[in-house]
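These numbers come from the heavy atoms of this one structure, side chains and all, not from hydrogens, waters or symmetry mates. Convention: sequence-line order gives letters A, B, ...; per-chain numbering from 1.
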2 protein chains.
Amino acid sequence: METADIYKVIERMAALIRSEERKRCTELGIQIVHFQVLDYLSRCNKYSDTPAALTHYLGMTKGTVSQTLLLLERKGFIRKVPDLADKRMVHLQLVAEGWEVLRQAYPKDLFNKAAEFLEKNCPEVGDAPFIEALTALQKAHQSHSFGLCGTCKYFTTKPEGFFCGLTGEPLTKSDSEKICQEHTVP
Amino acid sequence: METADIYKVIERMAALIRSEERKRCTELGIQIVHFQVLDYLSRCNKYSDTPAALTHYLGMTKGTVSQTLLLLERKGFIRKVPDLADKRMVHLQLVAEGWEVLRQAYPKDLFNKAAEFLEKNCPEVGDAPFIEALTALQKAHQSHSFGLCGTCKYFTTKPEGFFCGLTGEPLTKSDSEKICQEHTVP
DNA sequence: CATTATTTGTTTCGAATCGAAACAAGTGTT
DNA sequence: AACACTTGTTTCGATTCGAAACAAATAATG
């Protein structure tokens with residue numbers, strides 16, 4: 001009874017955050033979708049920086065995503081880099097202008113201020129409940145949870161360092177902190 | 001250091017929820033904004049069911065909101081009712097078809113399933129931290145927090161029942177559970 | 001009480017977005 | 001070699017978006 005309400009509260013926060021982001025995007029002359037794309041590209045890992053992954057992440061059709069990317073490219077926010085192994089694929093990279101717009105659109109002040117109030121009001125509250133809630137949500141969402149690499153079922157630690165159990169590739173600490181489209185909740 | 005990250009986690013949840021909502025809206029042939037409008041109208045109180053309030057809530061321009069409402073009216077989801085006291089104002093009401101679409105678009109299953117996982121994994125976690133986080137976010141957002149009537153600074157309890165300290169009007173229990181544009185965090 | 005400002009909502013315009021479907025090109029399978 | 005599948009683009013028409021101009025009602029001012 002009580003637990004279901006948690007996600008209603010989260011939804012309210014989501015609406016508030018969305019509203020703030022929308023206002024900032026309008027001031028910057030971009031659409032809120034563009035912000036979401038830039039934000040995703042700034043956080044995703046090398047397996048997940050393709051138009052197809054974006055399509056899954058945003059829940060849009062690939063045609064629409066293609067158009068959005070075209071515009072972001074024209075505006076000089078992103079760059080397309082062909083994949084060396086698979087000639088169909090394209091990797092998307094944020095360029096300097098993209099990072100700058102992202103920085104300006106991100107409601108950092110709001111988050112910092114909110115965190116301040118929260119800290120003052122109940123200093124004993126840690127981030128544990130929120131991380132648990134996110135994990136549960138990802139588990140419920142199934143399919144592609146787009147979680148952080150380091151929290152994945154296939155993330156393994158060896159004496160030599162981190163590895164991805166799916167691709168077998170070694171991973172840096174930075175890699176482990178990024179969003180992966182293949183992410184699977186343990 | 002740790003508290004600021006809480007809102008990053010919340011933002012990730014927001015993105016996940018948004019993605020699910022977008023998919024559902026596409027299936028229903030509506031835009032995600034339409035869902036947001038219907039959702040808001042289903043939760044707001046009688047002081048907050050106007051185009052102007054929606055404009056503030058969504059962070060859009062009033063022209064755009066006007067167009068969106070026109071379409072929702074054409075589709076038979078909402079109805080416009082003129083205000084009796086102020087002839088400029090219009091009140092927006094959800095009609096049966098609107099409620100039905102809202103019900104279909106709302107990611108209830110996702111929330112229920114997530115709540116189930118959360119309950120199983122850490123039964124001791126209550127909704128308190130989440131409500132605190134929401135309150136802090138509303139406080140940080142200032143201006144119009146669009147909070148629940150019952151959590152407002154001007155919400156007062158008298159022997160005769162609930163009252164709004166701003167308008168002086170009596171409020172039912174149902175009123176106190178709705179979103180108000182005049183909401184002020186204590 | 002008349003004039004002026006402000007609020008509330010609509011209309012109009014052009015650029016941009018959206019989803020659907022067709023398309024092209026590369027990869028994998030049989 | 002033929003076929004299916006994946007990946008991304010193009011094209012189309014309906015819709016959305018923000019900006020600015022507009023109309024009407026209310027509030028404020030003198």
**Q** Can you tell me which residue pairs pass the ring pair (Phe, Tyr, Trp, His ring centres under 6.0 Å) test with a partner in residues 83-109 of chain B, sequence neighbours excluded?
**A**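 Residue pairs with at least one partner in residues 83-109 of chain B: Y106(B)-F111(B).
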**Q** Does the protein touch nucleotides 7-20 of chain D at the base, only the backbone, or not at all? Give it as B, S and - per nucleotide, heavy atoms under 4.0 Å.
**A** BBBBBB--SSSBS-
**Q** For I78(B) and dG9(C), give me the distance from atom CD1 to atom P, rounded to whole Å.
**A**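 My rounded result for the distance is 12 Å.
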**Q** Quantify the bending of the helix from dC1(C)-dG30(D) to dT30(C)-dA1(D) as the angle between its end axes, each fitted on five pairs, to 10°.
**A** 30°
**Q** Would you please name every residue forming a ring pair (Phe, Tyr, Trp, His ring centres under 6.0 Å) with F130(B), sequence neighbours left out?
**A** F130(A)
**Q** The criterion is side-chain contact (heavy atoms from CB on, under 4.5 Å); which residues satisfy it with Q67(B), sequence neighbours excluded?
**A**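 Applying side-chain contact (heavy atoms from CB on, under 4.5 Å) to Q67(B) gives none.
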**Q** Of all residues at least two apart in sequence or in a different chain, which pass the side-chain contact (heavy atoms from CB on, under 4.5 Å) check with L28(B)?
**A**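 Residues passing side-chain contact (heavy atoms from CB on, under 4.5 Å) with L28(B): I30(B), V101(B), Q104(B), A105(B).
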**Q** For L28(B) and dG19(C), give me the distance from atom CG to atom P, rounded to whole Å.
**A** 13 Å
**Q** To the nearest Å, give me how far apart CG (L84(B)) and C1' (dT26(D)) are.
**A**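 Rounding to the nearest Å, CG of L84(B) and C1' of dT26(D) are 16 Å apart.
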**Q** Does anything in residues 89-107 of chain B form a salt bridge (charged side-chain N to carboxylate O under 4.0 Å, His left out)? List the pairs, not counting sequence neighbours.
**A** E100(B)-R103(B)
**Q** The criterion is side-chain contact (heavy atoms from CB on, under 4.5 Å); which residues satisfy it with S66(B), sequence neighbours excluded?
**A**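 Scan of S66(B) (side-chain contact (heavy atoms from CB on, under 4.5 Å), adjacent residues dropped) gives none.
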**Q** Whole-Å distance between dT17(C) P and I32(B) CD1?
**A** 16 Å
**Q** Quick one: do E20(B) and R24(B) make a salt bridge, cutoff under 4.0 Å?
**A**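 Judged by the 4.0 Å cut-off on N to carboxylate O distance, E20(B) and R24(B) do form a salt bridge.
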**Q** I need the CG-P distance between L58(A) and dT17(C), as an integer number of Å.
**A** 13 Å
**Q** I'd like to check the side-chain contact (heavy atoms from CB on, under 4.5 Å) partners of Q31(B); sequence neighbours left out, ordered by chain and number.
**A** H34(B)
